[in-house]
Structure formats: C-alpha cells, structure tokens
S.K.: 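Dropping a structure here in structure tokens format, bear with me for questions.
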Amino acid sequence: MSTQSMSASTGAEDDDVVFGLSANVAAAVAYLLPLGVIFLLVEDDNEFVRFNAAQSVAYTLGLYLFRYAISFVLGLLPGFVSLLVAPFLMLFNLAILVGLVYMAYQAFSGELFEAPVFGDMAHSLEESV
C-alpha cells in the first residue's frame, strides 16, 4: 500500500471545482457509491476526482460481489454451518466500510491512495469510461 502526494498537474489543488465542490471534497464524496458512478460518468477534466470515483466503484462493487458469492455458497451449506460463518460476513462488511472511509480520508487530504488490487482496476475503468 503506497501513498503518493498529489502533484499540481493532477487537480487536487483547492481552486479546482467539481459540481460546486473543491476537488478533494468531490473525490472524498465520490466514495459514496451512487456519487462515485455519477462523478465517473460526468467529470472529464479532473483526473484526481475521476480516479477516486473509479476506485470507489471498483472497490465497492468488487468486494460486494465477492461477499454475495460467498453468501450464496454458504447458503448451500447446512444451516448450522452458515450460522457460524455469519459473524465473519459482518466483519467483512465492516472491513469494506473501514476501507471506504480510509480512502475517502486520503482523498480529502489530497493524497492519491491506490488500493493494491482495486487501483489497477480503477485505472482500467477510468480509461474505458
């Protein structure tokens, strides 16, 4: 996990405005999934906001699809076993939330944080949209 300081060319400075928000606030707010999708589709100029919106979408959708796949498989197991695993799924949901809050904090601070797997996915998603 690496963090890099944003340079002036990426658009994290305070005078950039996206939907009436400064770039760092817009990038942090993009970690709310519906807004991340909107920012990814609408924002063309600010690479910092676009990357954070793409990472939000990749992270949230990727981990929740993984979580639902695990829930489906566990649903095929006998009831007692799936009851034992339920607390781990709740912890997994909490870990997703903590990750989102951390990435939103990094974006609000103006730092570019690339999640290990989802950063690469975000770059691909950002280029394709």
Side-chain angles (χ1 to χ4, degrees):
M1 290 186 210
S2 65
T3 58
Q4 303 168 358
S5 180
M6 290 300 299
S7 65
S9 65
T10 57
E13 56 271 351
D14 291 333
D15 58 344
D16 279 347
V17 176
V18 179
F19 289 137
L21 302 171
S22 64
N24 64 331
V25 172
V29 170
Y31 282 96
L32 299 172
L33 184 61
L35 292 177
V37 172
I38 292 169
F39 284 178
L40 183 61
L41 295 175
V42 174
E43 179 56 40
D44 292 329
D45 300 329
N46 194 306
E47 293 295 322
F48 182 68
V49 174
R50 279 188 60 79
F51 172 76
N52 281 290
Q55 182 165 260
S56 165
V57 171
Y59 179 83
T60 305
L61 292 180
L63 287 179
Y64 274 114
L65 287 174
F66 179 71
R67 186 220 183 270
Y68 289 124
I70 289 174
S71 295
F72 177 75
V73 170
L74 292 176
L76 299 175
L77 297 174
F80 180 74
V81 175
S82 54
L83 283 177
L84 292 175
V85 180
F88 295 108
L89 290 177
M90 290 190 306
L91 286 175
F92 188 74
N93 285 339
L94 182 62
I96 293 172
L97 178 65
V98 167
L100 283 171
V101 168
Y102 178 75
M103 288 186 285
Y105 173 76
Q106 291 295 319
F108 183 74
S109 300
E111 298 290 325
L112 178 64
F113 175 78
E114 292 188 26
V117 172
F118 300 104
D120 294 334
M121 290 171 62
H123 284 298
S124 299
L125 181 61
E126 181 182 14
E127 291 172 3
S128 67
V129 173

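Numbering of residues begins at 1 and proceeds along the displayed sequence.
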S.K.: Taking Y59 as the starting point, is it possible to reach Y64 by hopping between hydrophobic residues whose side chains are less than 4.5 Å apart?
M.R.: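 Shared cluster, yes.
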S.K.: I'd like to know if F92 and V73 are part of one continuous hydrophobic network [Ile/Leu/Val/Met/Phe/Trp/Tyr, side-chain heavy atoms within less than 4.5 Å].
M.R.: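 Result: no, two separate clusters.
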S.K.: Linking I/L/V/M/F/W/Y whenever their side-chain heavy atoms sit closer than 4.5 Å, directly or via other members, would I96 and Y68 fall into one cluster?
M.R.: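 Linked within one cluster.
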S.K.: Following the transitive rule for hydrophobic clusters with a side-chain heavy-atom cut-off under 4.5 Å over Ile, Leu, Val, Met, Phe, Trp and Tyr, establish whether F66 and L89 coincide in one cluster.
M.R.: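 Shared cluster, yes.
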S.K.: What pair of heavy atoms forms the shortest contact from A54 to A122, and how long is it?
M.R.: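 Closest approach of A54 to A122, heavy atoms only: CB-O, 3.5 Å.
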S.K.: Taking the side chain from T60 and the backbone from V57, do they hold a donor-acceptor pair closer than 3.5 Å?
M.R.: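 No.
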S.K.: Minimum heavy-atom separation for A58 and L125, please, with both atom names.
M.R.: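 Between these two residues, the closest heavy atoms are N-CD2, 4.4 Å.
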S.K.: If we ignore hydrogens and angles and just use 3.5 Å, is the side chain of R67 paired with the main-chain N or O of N93 as donor and acceptor?
M.R.: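 No.
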S.K.: Which heavy atom of S22 sits nearest to which heavy atom of N24, and what is that distance?
M.R.: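 For S22 and N24, the tightest heavy-atom pair comes out as OG-OD1, 2.7 Å.
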S.K.: Flag the pair F118 / L63 as yes when at least one side-chain heavy-atom distance between them is below 4.5 Å, and no otherwise.
M.R.: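 Yes, their side chains come closer than 4.5 Å.
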S.K.: Calculate, to the nearest 0.5 Å, the distance between atoms CG and CZ belonging to D44 and R50 respectively.
M.R.: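 Answer for the CG-CZ pair, D44 versus R50, is 6.0 Å.
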S.K.: Just how far is it from atom CG of L112 to atom CG of N52, taken to the nearest 0.5 Å?
M.R.: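 If we round to the nearest 0.5 Å, L112:CG and N52:CG are 6.5 Å apart.
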S.K.: Take atom CZ in F108; do more than 12 heavy atoms of anything else shown fall under 6.0 Å from it?
M.R.: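 At most 12 heavy atoms, drawn from other residues, nucleotides or ligands, come within 6.0 Å of this atom.
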S.K.: Distance check, rounded to the nearest 0.5 Å: L40 atom CG versus Q55 atom CD?
M.R.: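 Here the interatomic distance stands at 12.0 Å.
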S.K.: Please determine whether side chain to side chain contact (heavy atoms under 4.5 Å, CB included) holds for the pair V49 and L21, giving the CA-CA distance in whole Å, both sets of side-chain angles, and the decisive distance to 0.1 Å.
M.R.: CA-CA 11 Å; V49 174; L21 302 171; over 6 Å; no
S.K.: Minimum heavy-atom separation for F39 to A26, with atom names?
M.R.: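 Shortest heavy-atom separation between F39 and A26 comes out as CE1-O, 3.1 Å.
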S.K.: Students often mix this up, so state it plainly: with edges at 30° and 60°, are the rings of Y102 and F113 parallel, tilted or perpendicular?
M.R.: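 Y102 vs F113 ring planes: perpendicular.
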S.K.: Where do A23 and N46 come nearest, in terms of heavy atoms and distance?
M.R.: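 Result for this residue pair: CB-ND2, 3.4 Å.
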S.K.: Any chance you could measure Q106, atom CD, to E114, atom CD, to the nearest 0.5 Å?
M.R.: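 Result: 12.0 Å between the selected atoms.
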S.K.: Hydrophobic clusters here meaning ILVMFWY residues chained together by side-chain heavy-atom distances under 4.5 Å, can you tell me if V25 and I38 are in one?
M.R.: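 Yes, V25 and I38 fall within the same hydrophobic cluster.
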S.K.: What pair of heavy atoms forms the shortest contact from Y31 to A104, and how long is it?
M.R.: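 Heavy atoms of Y31 and A104 come nearest at CD1-CA, 3.6 Å.
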S.K.: Do any N or O atoms from the side chain of S109 and from the backbone of Y105 form a donor-acceptor pair under 3.5 angstrom?
M.R.: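 Here the side-chain-to-backbone pair exists.
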S.K.: Would you say the side-chain atoms of E127 pair up with the backbone N or O of V129, donor to acceptor, closer than 3.5 Å?
M.R.: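 Not confirmed, E127 side chain does not pair with V129 backbone.
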